[in-house]
Amino acid sequence: MAFAPLLALLFSLAVVRQSDAALTKRVACADGIHTVTNEACCVLFPIIDDIQTNLFDGGECGEEVHESLRLTFHDAIGFSPTKGGGGADGSIVIFSDIETAFHANNGIDEIVEAQRPFINAHNITAGDFIQLAGAVGVSNCPGAPQLDFLFGRPAATAPSPDLLVPEPFDTVTSILARFADAGFATPEVIALLASHTVAAADKVDVTIPGTPFDSTPEIFDTQIFIEVQLRGTLFPGTGGNQGEVESPLAGELRLQSDASLARDSRTACDWQSFADNQAKMQTEFKAAMLKLSTLGQDVSQMVDCSEVIPQPLAASLHGAHLPAGLNMNDIEQACATAPFPTLTADPGPVTSVAPVPPS
């Protein structure tokens, strides 16, 4: 499905939801606290309470949120019409002995094992739990959109094949081809990379775990699309690691794939379009995540439980900006059809970005 029609469909769904909410009698859950439009969604509230308290440390946008969001992608993108894979089906947990050994899944075993006790404790499939945890986790990050959650993924029956998860050292051509094989248009690929605004790397340079990709990893903002466009000048750690290129700030790691996508003629304008447009980033990330979270699934057999996902706080943003000590001359302009938005820098000298502490 092309990206524009997908957004139109999502808008129509939102209108239908608002209309249904006005016309449909809400159902009281057995807990005596919550009401829902579909009783099947009631079982999710205790699961959400559990993971917010015991996985996300009381609702923080921290390491487990970052890793849970990564897991939604690594499970779901294991889907190909020609090569196999069940998509967002939880196979990465059920067949973890196979899939966590894939090179692209390096380090994913930690969040798989962190989530496993919650899956075992609740009557929920691994596929549903992974996507639920990702959506709930993102809701802890100020500035994020409220993600959709469709409920009802059957248990995975087979592992995903290897080599379906893109790697940070892959070329733009191979990344776009892999996503196209899974049904994603180029703008959707860039929209999904908004996830890197609250991401950090543990395994690209193992000497500096928790190194973020932008200067505000606790906020779901557009800084990733600004800071990746800055001229790289240093490595935050050892340097020379596979999949890493120079970044503009001490303490900030830049993936080779992000740098390439921000500068390639096929993707540069899509990348730049988010640089100072929080609302656009939220809308398109939400749409792309809905598509990702239902890869390989029969949506007609699922229940829309999006209403159970907490509403994220608005970010206390002072607007898209350059890091302190830098200026517009540090931007490596790549989009040929529009200038990079004019931004001002934070006051003060160039500073170092703090690592994301483990939760």
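Computation of the quantities below employed the complete heavy-atom set of this structure, encompassing side-chain atoms and omitting hydrogens, waters and symmetry-equivalent molecules.
For the pair R26 and E307, the minimum side-chain heavy-atom distance is below 4.5 Å. Counting only heavy atoms from C-beta outward, the side chains of I331 and L230 approach each other to under 4.5 Å. With contacts defined as side-chain heavy-atom distances shorter than 4.5 Å, the pair T233/E246 does not qualify. Between E244 and Q256 there is no side-chain heavy-atom pair separated by less than 4.5 Å. Put simply, the side chain of P154 reaches to within 4.5 Å of the side chain of Q297, judged on heavy atoms. Residues S247 and F235 fail the side-chain proximity criterion, which asks for heavy atoms closer than 4.5 Å. Here the side chains of F73 and L292 are in contact, with some heavy-atom distance below 4.5 Å. No side-chain heavy atom of S306 sits under 4.5 Å from any side-chain heavy atom of Q146.
Residues M289 and V189 share a single hydrophobic cluster, defined by chaining ILVMFWY side chains whose heavy atoms lie under 4.5 Å apart. Grouping the Ile, Leu, Val, Met, Phe, Trp and Tyr side chains by contacts below 4.5 angstrom, directly or via other members, places I108 apart from F95. Both F179 and L255 are members of a single hydrophobic cluster when ILVMFWY side chains are connected at heavy-atom separations under 4.5 Å. In the hydrophobic clustering of ILVMFWY residues, with side-chain heavy atoms under 4.5 Å counting as a link, L71 and F118 come out together. Cluster membership check: L249 does not share its hydrophobic cluster with V245, using side-chain heavy-atom separations under 4.5 Å among Ile, Leu, Val, Met, Phe, Trp and Tyr.
When all heavy atoms of I111 and S68 are compared, the closest pair comes out as CD1-OG, 3.6 Å. Between A126 and I94, the shortest heavy-atom distance links the atoms CB-CG1, 4.2 Å. Of all heavy-atom pairs between G107 and R70, the closest is C-NH1, 3.9 Å. Residue A275 comes nearest to T222 through the heavy atom pair O-OG1, 2.9 Å, listed as atom of the first residue, atom of the second, then distance. Contact between L150 and R153 at its shortest, heavy atoms only, is O-NH1, 2.6 Å. When all heavy atoms are compared, the tightest approach of D75 to G90 is OD2-N, 2.8 Å.
Counting only distance, with no hydrogens or angles, the side chain of T53 and the backbone of D50 share no donor-acceptor pair below 3.5 Å. Judged by distance alone, the side chain of E60 and the main-chain N or O of N140 form no donor-acceptor pair under 3.5 Å. In this structure a side-chain-to-backbone donor-acceptor pair under 3.5 Å is present from K291 to G183. Side-chain atoms of T197 never come within 3.5 Å of backbone atoms of A194 as a donor-acceptor pair (strictly under, hydrogens ignored). Put simply, the side chain of E188 never gets that close to the backbone of I190: no donor and acceptor are under 3.5 Å apart. In this structure a side-chain-to-backbone donor-acceptor pair under 3.5 Å is missing from Q242 to F169. The backbone N or O of D170 lies less than 3.5 Å from no partner atom in the side chain of S174, so there is not a single donor-acceptor pair. Under a 3.5 Å cut-off, the side chain of H321 and the backbone N or O of A345 do not form any donor-acceptor pair. Without hydrogens or angle criteria, E99 side chain to P159 main chain gives no donor-acceptor distance under 3.5 Å.
Using a 3.5 Å distance cut-off with no hydrogens or angles, the side chains of T238 and N241 do pair a donor with an acceptor. For Q311 and S139, the side-chain atoms include no donor-acceptor pair closer than 3.5 Å. Side chain to side chain, E252 and S215 fail the donor-acceptor criterion of an N or O pair below 3.5 Å. Between the side chains of T100 and N105, not a single donor N or O lies within less than 3.5 Å of an accepting N or O. In summary, the side chains of D214 and H196 do not present any donor paired with an acceptor at a separation below 3.5 Å, with no hydrogens or angles considered. Between the side chains of H103 and N106, not a single donor N or O lies within less than 3.5 Å of an accepting N or O. For the residue pair S257/S260, the side-chain donor-acceptor check at 3.5 Å is not satisfied. A side-chain donor from one of T173 and R266 sits under 3.5 Å from a side-chain acceptor of the other. Side-chain contact check for S96 and R116: at least one donor-acceptor pair (N or O, by modelled atom type) lies under 3.5 Å.
A distance of 8.0 Å separates CZ in F102 from CG in L164, rounded to the nearest 0.5 Å. Taking CZ from R263 and CD from Q272, the interatomic distance works out to 11.5 Å, rounded to the nearest 0.5 Å. To the nearest 0.5 Å, the span separating CG on D258 from CG on L253 amounts to 9.5 Å. To the nearest 0.5 Å, the span separating CG on N123 from CZ on F129 amounts to 13.0 Å. To the nearest 0.5 Å, atoms CE (M281) and NZ (K286) are separated by 14.0 Å. With rounding to the nearest 0.5 angstrom, the CG atom of D89 is 9.0 Å from the OG1 atom of T125.
Partner of F149 under the side chain to side chain contact (heavy atoms under 4.5 Å, CB included) criterion, out of L290, D128, V136: D128 alone.
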* To do: Give the intermediate values and the outcome of side-chain contact (heavy atoms from CB on, under 4.5 Å) for residues R254 and F213.
  => CA-CA 6 Å; R254 178 178 292 173; F213 298 148; over 6 Å; no
* Given side-chain contact (heavy atoms from CB on, under 4.5 Å), test D57 with Q52 step by step and report yes or no. => CA-CA 6 Å; D57 297 318; Q52 284 284 53; over 6 Å; no
* To do: Would you please test F151 and N38 for side-chain contact (heavy atoms from CB on, under 4.5 Å) and show each step?
  => CA-CA 11 Å; F151 185 31; N38 191 312; over 6 Å; no
* Asked: Hey, mind stepping through K203 and E110 against salt bridge (charged side-chain N to carboxylate O under 4.0 Å, His left out) and telling me if it holds?
  -> CA-CA 12 Å; K203 301 298 183 181; E110 295 176 10; 3.8 Å; yes
* Give the intermediate values and the outcome of side-chain contact (heavy atoms from CB on, under 4.5 Å) for residues L176 and T267. => CA-CA 10 Å; L176 295 181; T267 50; 4.1 Å; yes
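Note: F220 and F285 meet the aromatic proximity criterion, with ring centroids under 6.0 Å apart.
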